[in-house]
Amino acid sequence: MSGFRLNKGGRIDRTRTLSFTFNGTRMQGHPGDTLASALVANGVGTLARSFKYHRPRGIYAAGVEDPNAMLAIRDGHGVEPGLRAGQVALVDGLEARSITGWPSARFDVLAAGTKLVAPFMTAGFYYKTLKWPNWSWYEEAVRKAAGFGALDGDADSRQREYRHDTCDVLVIGAGPAGLAAVRALQGSGHRVVLADHAPAAGGALRWEETKVDGAQGMSWAADTVAAFQAEGGQLLLNTFVTGAYEGNFFTLVESRTDNKGLVGERIWKLRADQVVLATGAVDRPLVFQNNDRPGTFLSAAARQFMGEYGVAPGQSLGIFANNDSGYLTALAARRAGLEATVIDSRTHPSEPHVEAARAVGATVVTGAEIADVSGARAVKALRLSNGQTIACDALAMAGGATPIIHLAAHRGAKPTYDASAAAFTCALLPAGWHGAGAATGARDLGAVLAQGHAAGQAITASKVTAPVAEVALSMGDIEPMWQARQGSPKKMFVDLQNDVKASDVALAARENYTSVEHLKRYTTLGMGTDQGRTSNINGLAILAAQTGREVGTVGTTTFRPPYTATRMGAISHHRQQDGYMPRRLMPAHDDHAAHGADFEDFGWQRPDWYADNGTNREAAIAVEMMAVRSAVGVFDASPLGKVEVAGPDARVFINKFYVSNLMTLKPGRIRYSVMCHDDGIIFDDGVVACIDDNLFLAGPTSGNAEVVAAWFEQWRQTEWPDTRVAIAPVTSNWAAVALAGPDARKVLERLEPDFDVAGDAFAHMQYREGTIAGVPARVARVSFTGELQYEIAVPARFGQALMQAAMVAGADLGAKRIGMEAWLRLRLEKGYLHLGADTNGRTTPLDIGMGGVVAKKQADFIGKRALSLPYNASKGREELVGLKPVAGAIRIGGRILAKGHDTVPAPSIGNVTSACDSPSAGNIAMALVEGGSGRMGETIKIYAEGQISEAEICSPVFVDPKNERLHA
Amino acid sequence: MKLEALSPLGAQFAPRQIGDVTLAEMRDNGAVLVTATGPLSGDLTRLSKTLAVDLPRVHGATATDQDRRAIWLTPRSWIVTCAHGDEKLLVDNVALAFPDHTVLASPYSDALCWLSLDGGGAEDLLRQGSFLSFSTSGLPVGHAKRTLVAGIPAVVQRRGETAWTIAVERSRAHFFVDWLNSLTHSFGDT
């Protein structure tokens with residue numbers, strides 16, 4: 001390509017030079033350059049290969065609308081696998097690499113091969129090919145060929161900050177429309193935030209030759225910004241507004257840079273009372289044969305490169321236009337000393353524009369289109385429809401302007417076609433929104449400023465007069481030309497990023513994919529990271545022509561956030577690593593750690609087993625289980641839920657939640673039960689202690705502690721608001737230590753309770769309050785293990801000390817710390833339910849043997865009616881049973897085969913829900929089996945891990961079936 | 001036998017600086033959670049007397065009387081902070097005044113970890129983790145609100161222009177402190 005740095009002009013700092021590399025080649029630029037402008041200045045032509053056909057591609061636009069220039073970037077703060085060159089601020093030491101083409105973008109081996117198969121790679125070809133024998137055979141190779149960049153192995157090291165804020169007015173876009181709006185808001189007292197993606201305010205004023213209120217455009221912009229900030233206005237530059245949500249809630253991503261590169265991002269969540277949408281427009285390309293050659297630019301981008309960066313796209317610039325803005329590019333080119341030829345598709349363009357162009361020495365050809373562009377790796381010449389050939393080394397396309405209306409569409413504003421602007425706009429904006437400038441289809445600076453001013457005035461009555469523009473020539477009129485009449489549609493590119501051609505759009509129409517949504521998905525038009533900014537409108541217009549419809553009738557696809565590609569790290573907010581699920585620590589965490597706890601996340605960080613008890617997991621678990629069965633185990637039960645339910649109606653209230661009858665539960669007594677949703681499905685189990693007739697302590701599972709408290713509140717507030725009950729979730733206030741085993745009472749006695757703990761004084765399923773070791777305590781004699789067991793709750797500050805005291809008290813008895821795995825295996829030995837393992841989303845109390853309890857309860861409870869329905873009461877439902885091995889070990893998750901089947905595939909009648917190798921009982925399991933209670937003694941086959949084993953259905957109680965240990 | 005008490009962050013946790021903000025654990029806070037079964041009406045005065053602090057009736061409001069502070073949570077629940085040794089006294093007094101438990105005072109000194117954040121940058125820190133408006137118009141001095149900060153439930157109280165108290169649920173205290181420490185320290189600028 002032939003881009004080069006102009007001797008003067010631009011807003012770059014020519015006094016300083018920055019060094020960077022591109023594909024290993026050292027190059028130079030200036031502060032103020034983007035990577036894109038610096039590459040063009042260094043004459044870089046081909047920097048990528050297209051997605052499907054591996055065609056050479058170059059810089060196409062100046063910003064995120066560029067469909068070609070995705071490069072891997074390394075700056076002083078990290079690596080990015082794919083960024084658009086136009087969004088990267090040039091810094092010293094930057095390294096940029098092509099991510100497509102092998103071995104390089106300039107010499108791509110795959111291009112030759114792709115040329116051969118290109119005729120077969122039409123739209124949707126992958127729906128019709130690469131299927132046999134399996135798509136996965138081809139997938140990796142196809143993905144590699146497409147080129148998406150490679151992730152750096154290191155974790156993302158960029159900083160992230162988050163801000164939540166509100167404002168009175170959010171002005172989106174700091175171009176002339178947005179600046180006119182904030183100017184109109186001066187003195188209003190409103191809190192205004194002005195956001196723009198560029199590093200400087202001004203929008204197109206940064207590169208267009210204009211005057212506003214008698215001053216150069218950028219001087220006016222600078223003065224307006226200064227006044228804005230002096231009043232306390234908040235200016236956010238390098239900031240994309242990425243999404244608009246309900247309630248005028250917006251997400252913004254602000255890039256924070258220094259002289260080494262991108263330091264990090266500040267992610268804003270901002271709520272605004274009113275919004276000014278001044279987001280501007282994107283120049284639109286034209287569709288003609290070989291319109292994707294390196295050296296082809298959007299017309300406005302060509303002006304931006306010349307005006308803002310002092311970079312010429314080439315020595316001799318061709319400008320293909322269907323509207324007057326192309327002439328502004330010609331004038332800019334001539335000012336920069338370039339040759340310029342305008343090819344105007346219109347037969348009768350604006351005379352002032354033509355005259356102005358010719359007056360400065362530009363050539364103008366009217367009533368002609370480009371039939372072809374020659375030059376495989378760089379534009380060399382244009383063949384016109386009138387037979388002329390024009391030599392040039394760069395080409396600019398002025399096909400109109402596409403308003404940036406995404407954010408309004410996020411909020412449901414419907415884009416409608418404005419034929420005069422040949423563009424879609426959102427005529428009806430959401431409440432509190434005011435459109436201004438090119439985003440509404442306005443083309444001329446005068447109209448843009450007036451609209452911006454009006455937007456400000458709509459928010460506050462302003463004494464400020466509207467700014468006045470002075471421009472030599474307007475953007476002018478447009479005559480749409482959606483597709484050139486000469487040339488092969490197979491070489492006319494509509495979507496450069498996804499290599500979608502005009503012929504693909506025609507194919508979609510022939511195959512009856514005539515909805516614009518189908519067009520998008522069938523051809524992948526607009527599905528690249530450029531989100532169709534430069535392709536959508538041309539594509540749907542071509543579809544309209546193919547199907548005999550008006551452009552407006554075809555409509556647009558749906559705009560969805562984010563407006564532009566956003567780092568996953570930004571979207572995840574603080575929900576990364578530890579912040580993904582904030583870790584919860586038990587009060588005795590340090591003690592557990594000191595004794596070799598292997599922590600697992602059970603919602604809280606809980607010891608799975610202790611290295612103190614064994615050199616490996618299974619050995620330790622066996623030791624822990626035997627300690628509970630033969631001596632005493634000390635288990636940290638702190639996460640178990642504790643919800644106080646109090647008041648004159650507490651008993652009646654809580655009785656509505658559990659399937660067991662709690663009306664007869666006396667003070668000092670405990671009852672185990674389960675809780676259902678109104679469909680009768682179990683969602684929690686636990687014990688309820690009656691402290692006194694008006695005060696109960698519910699013990700939901702640790703995973704449901706907050707859920708159950710909220711469940712209680714929900715029903716109280718919505719269904720029974722007159723119920724005199726108070727609900728106090730107090731789980732975290734209390735640490736709980738369980739003592740389990742034949743010597744549990746001895747340990748409890750040594751902890752100095754101030755109440756009688758003798759067996760007959762403190763029986764199983766009873767509750768006491770008092771003190772333990774001098775501190776307030778709530779003690780429940782309940783068992784999860786089937787052994788004599790006490791659960792001691794003390795204020796959490798004493799939790800660690802209690803844990804340690806219990807171990808000291810039980811040291812001579814062989815006390816061991818018990819981890820979760822041992823605890824869960826112990827309850828399996830006893831046939832106790834583990835919620836979520838032995839229940840699935842269909843298990844009811846009837847399925848787990850509580851039919852008698854349910855039948856006896858006369859009072860209503862949540863789920864009662866559902867349990868009486870035929871489905872829930874039917875025979876043949878999956879019921880919880882025990883399993884003992886007959887041949888082969890029983891493994892968790894095993895599928896139980898239907899009778900008569902001993903190989904897979906086979907129908908299944910249930911699954912193994914819990915299983916373990918118990919030191920006391922051998923290999924044991926529980927399972928949900930259809931009609932399980934009627935199959936006692938039956939031998940069944942189980943498929944697991946590729947093997948078939950046999951087991952006998954039995955009672956799930958494998959240890960102490962007479963409960964003698966429980967009642968010791 | 002004497003059981004040693006341990007605060008949520010442990011004895012080793014010393015006040016630390018995050019930029020210009022001093023973070024410290026307030027270890028001596030006692031508290032009770034007061035919940036009522038109904039609107040209370042005339043009983044609110046009696047309850048306030050029992051607790052020796054006026055219970056606020058408006059969202060965000062707090063009330064102080066010597067070492068007692070009452071924080072409004074819902075129309076029928078409050079956190080009342082007190083000297084640590086007074087927790088049992090308050091629980092018992094309420095039980096005595098309301099034997100049918102139309103009002104329940106639950107021990108709550110250990111449920112939360114109380115942190116103080118003092119310094120000009122404290123508001124900026126908090127804005128990084130919560131959508132609650134921390135400007136003085138959103139949360140005036142003397143007010144408190146229950147919200148989410150860093151994704152976890154917290155009670156945020158503004159003691160002064162640059163003085164804050166944050167109470168987070170005890171088990172998440174370490175996570176919260178680690179989150180505060182992980183914040184980049186670009187304060188003041190926007």
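Per chain, numbering begins at 1; letters A, B, ... match sequence-line order.
- Using a 4.5 Å cut-off between heavy atoms, Ile727(A) touches chain B through its backbone atoms (N, CA, C, O) alone.
- Between atom CG of residue Leu697(A) and atom OG of residue Ser106(B) there is a gap of 10.0 Å, rounded to the nearest 0.5 Å.
- Heavy-atom distances place no part of Phe653(A) under 4.5 Å from chain B, backbone and side chain included.
- When each of Val645(A), Asn694(A), Leu695(A) is tested with Leu104(B) by the rule side-chain contact (heavy atoms from CB on, under 4.5 Å), just one qualifies, namely Leu695(A).
- When all heavy atoms of Ser732(A) and Ala111(B) are compared, the closest pair comes out as CB-O, 3.6 Å.
- For the atom pair Thr35(B) OG1 and Glu644(A) CD, the distance stands at 7.5 Å (nearest 0.5 Å).
- Of the listed residues Pro721(A), Ala728(A), Pro587(A), Pro639(A), the one with more heavy-atom pairs under 4.5 angstrom with chain B than any other is Ala728(A).
- Across Arg750(A) and Met1(B), no two heavy atoms sit closer than the pair O-CE, 3.3 Å.
- Interface remark: Ile691(A) contributes no atoms to any contact with chain B (heavy atom separation under 4.5 Å).
- Contact check for Arg170(B) versus Arg797(A): side-chain heavy atoms found under the 4.5 Å cut-off.
- Nearest heavy atom pair, residue Arg76(B) against residue Val725(A), reads NH1-O, 3.9 Å.
- In the displayed structure, Glu4(B) atom CD is contacted under 6.0 Å by at most 12 heavy atoms of other residues, nucleotides or ligands.
- Contact record, Tyr108(B) with Pro729(A): CE1-O, 3.9 Å, taken as the closest heavy-atom pair.
- For the set Ser7(B), Pro107(B), Gly38(B), the count of heavy-atom pairs under 4.5 angstrom toward chain A peaks at Pro107(B).
- To the nearest 0.5 angstrom, Gln804(A) atom CD is 9.5 Å from Leu3(B) atom CG.
- Residue contact with chain B, scored on non-hydrogen atoms closer than 4.5 Å, involves the backbone of Thr723(A) exclusively.
- Looking at Leu6(B), the atoms closer than 4.5 Å to chain A (heavy atoms on both sides) sit in the backbone and in the side chain alike.
- The candidate with the highest count of non-hydrogen atom pairs below 4.5 Å against chain B, out of Gly264(A), Ala650(A), Ala773(A), is Ala773(A).
- Evaluation of the salt bridge (charged side-chain N to carboxylate O under 4.0 Å, His left out) rule for Asp178(B) yields Arg583(A) as partners, not counting sequence neighbours.
- For Arg724(A) against Thr37(B), the heavy-atom pair with the smallest separation is C-CB, 3.4 Å.
- Judged purely by atom type and a 3.5 angstrom limit, Asp100(B) has no side-chain atom pairing as donor or acceptor with the backbone of Pro648(A).
- The NE2 atom of His101(B) sits 13.5 Å away from atom CG of Asp649(A), with the distance rounded to the nearest 0.5 Å.
- Residue Ser109(B) touches chain A through both its backbone and its side chain, counting heavy-atom pairs closer than 4.5 Å.
- The number of heavy-atom neighbours closer than 6.0 Å to CG of Asp65(B), taken from other residues, nucleotides and ligands shown, is above 12.
- Glu87(B) CD to Asn733(A) CG: the interatomic distance, rounded to the nearest 0.5 Å, is 6.5 Å.
- Rounded to the nearest 0.5 angstrom, Arg127(B) CZ and His164(A) NE2 are separated by 10.0 Å.
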Using side chain to side chain contact (heavy atoms under 4.5 Å, CB included), reason through Val775(A) and Lys2(B) one step at a time and then give a plain yes or no. CA-CA 8 Å; Val775(A) 305; Lys2(B) 187 170 162 38; over 6 Å; no

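- Other residues, nucleotides and ligands contribute more than 12 heavy atoms inside 6.0 Å of the CD atom of Gln17(B).
- For a residue to count as touching a neighbouring chain, one of its non-hydrogen atoms must lie under 4.5 Å from one of that chain's; by this rule Ala36(B) touches chain A with the backbone only.
- A side-chain contact (heavy atoms from CB on, under 4.5 Å) with Gln128(B) is found for one member of Arg266(A), Glu161(A), Arg160(A) and no other, namely Glu161(A).
- Within a 6.0 Å radius of CE in Met26(B), other residues, nucleotides and ligands contribute more than 12 heavy atoms.
- Heavy atoms of Asp693(A) lying under 4.5 Å from chain B are absent altogether.
- Closest approach of Asp124(B) to Arg163(A), counting heavy atoms only: OD2-NH2, 2.7 Å.
- The number of heavy-atom neighbours closer than 6.0 Å to CD of Glu246(A), taken from other residues, nucleotides and ligands shown, is 12 or below.
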